[in-house]
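Have a look at the structure below before the remarks.
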Amino acid sequence: AQSVTQLGSHVSVSEGALVLLRCNYSSSVPPYLFWYVQYPNQGLQLLLKYTTGATLVKGINGFEAEFKKSETSFHLTKPSAHMSDAAEYFCAVSAANFGNEKLTFGTGTRLTIIP
Amino acid sequence: EAGVTQFPSHSVIEKGQTVTLRCDPISGHDNLYWYRRVMGKEIKFLLHFVKESKQDESGMPNNRFLAERTGGTYSTLKVQPAELEDSGVYFCASSQMTVQETQYFGPGTRLLVL
């Protein structure tokens with residue numbers, strides 16, 4: 001069984017400030033980890049994913065996340081927030097032992113950027 | 001290349017009525033998934049098709065939900081009869097048949113049952 005916990009349903013940061021969205025996961029098998037973003041009235045778009053290899057993963061729009069197995073975490077960061085980053089962000093996990101497995105999502109974090 | 005499309009974008013129906021949602025995956029994607037987000041909660045998996053076959057339907061809430069994928073192309077999700085708790089956003093996603101290929105999501109169908 002797998003689960004995801006996203007700490008903070010709402011996060012507000014000032015434009016230009018560091019963005020940190022937290023994600024902790026639970027998985028009985030090695031995980032694949034994902035961050036998706038949903039802009040208003042759009043579908044979910046993949047920001048980045050960790051499957052194997054380097055634990056620091058870089059994604060689109062300047063975001064990155066680090067897989068920390070010992071902490072069961074996959075926090076999302078961006079050094080400098082931009083107004084266009086305002087959206088809802090979802091962390092997700094799937095089982096690495098099998099191919100094309102379903103995603104298990106967290107409850108989402110809505111990011112607000114303060115001008 | 002066209003992305004995943006879903007129809008309708010919104011649907012408002014009364015309790016007891018039937019609604020059919022449609023998903024057109026990206027061309028060539030054999031994997032097709034349905035997910036649902038009830039307001040304020042997490043996005044939950046409903047089922048997974050590989051081509052026309054149901055690979056995993058462990059997330060289907062009950063037998064009022066029927067999913068089909070004709071000829072391994074588009075998919076429909078029928079809710080009959082609809083209940084109030086079925087309200088939410090229904091997402092479709094598709095992916096290629098390589099190990100943990102990215103799932104590409106559609107914009108969702110917002111269903112409101114009154």
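The chains referred to below are lettered A, B, ... by the order of the sequence lines, with proteins before strands, and numbering in each begins at 1.
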With chain A, which of Thr102(B), Asp56(B), Val50(B) has the greatest number of heavy-atom pairs at distances under 4.5 Å?
-> Thr102(B)

Flag the one option from Asn41(A), Leu103(A), Val4(A), Thr107(A) with the top tally of heavy-atom pairs under 4.5 Å to chain B.
-> Leu103(A)

Are the aromatic ring centres of Phe63(A) and Tyr89(A) under 6.0 angstrom apart?
->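 Yes, ring centres under 6.0 Å apart.
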
Where on Ser95(B) is there a heavy atom nearer than 4.5 Å to chain A: the side chain, the backbone, both, or neither?
-> side chain

The interface call for Ser58(B) against chain A, heavy-atom contacts under 4.5 Å, is side chain

So, the part of Gln45(A) with a heavy atom under 4.5 Å from chain B: the answer is neither

Against chain B, label Leu46(A) side chain, backbone, both or neither, depending on which of its atoms sit under 4.5 Å from a heavy atom there.
->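 Looking at Leu46(A), just its side chain touches chain B.
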
Is the His48(B) ring parallel, tilted or perpendicular to the Tyr33(B) ring (thresholds 30°, 60°)?
-> parallel

So, are Glu64(A) and Lys58(A) salt-bridged, with charged N and O less than 4.0 Å apart?
-> yes

Residue pair Gln103(B) / Val4(B), side-chain heavy-atom distance below 4.5 Å | no

Face-on cation placement of Arg37(B) at Phe91(B) ring, 6.0 Å and 45° thresholds =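 The answer is no, since Arg37(B) fails at least one limit relative to Phe91(B).
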
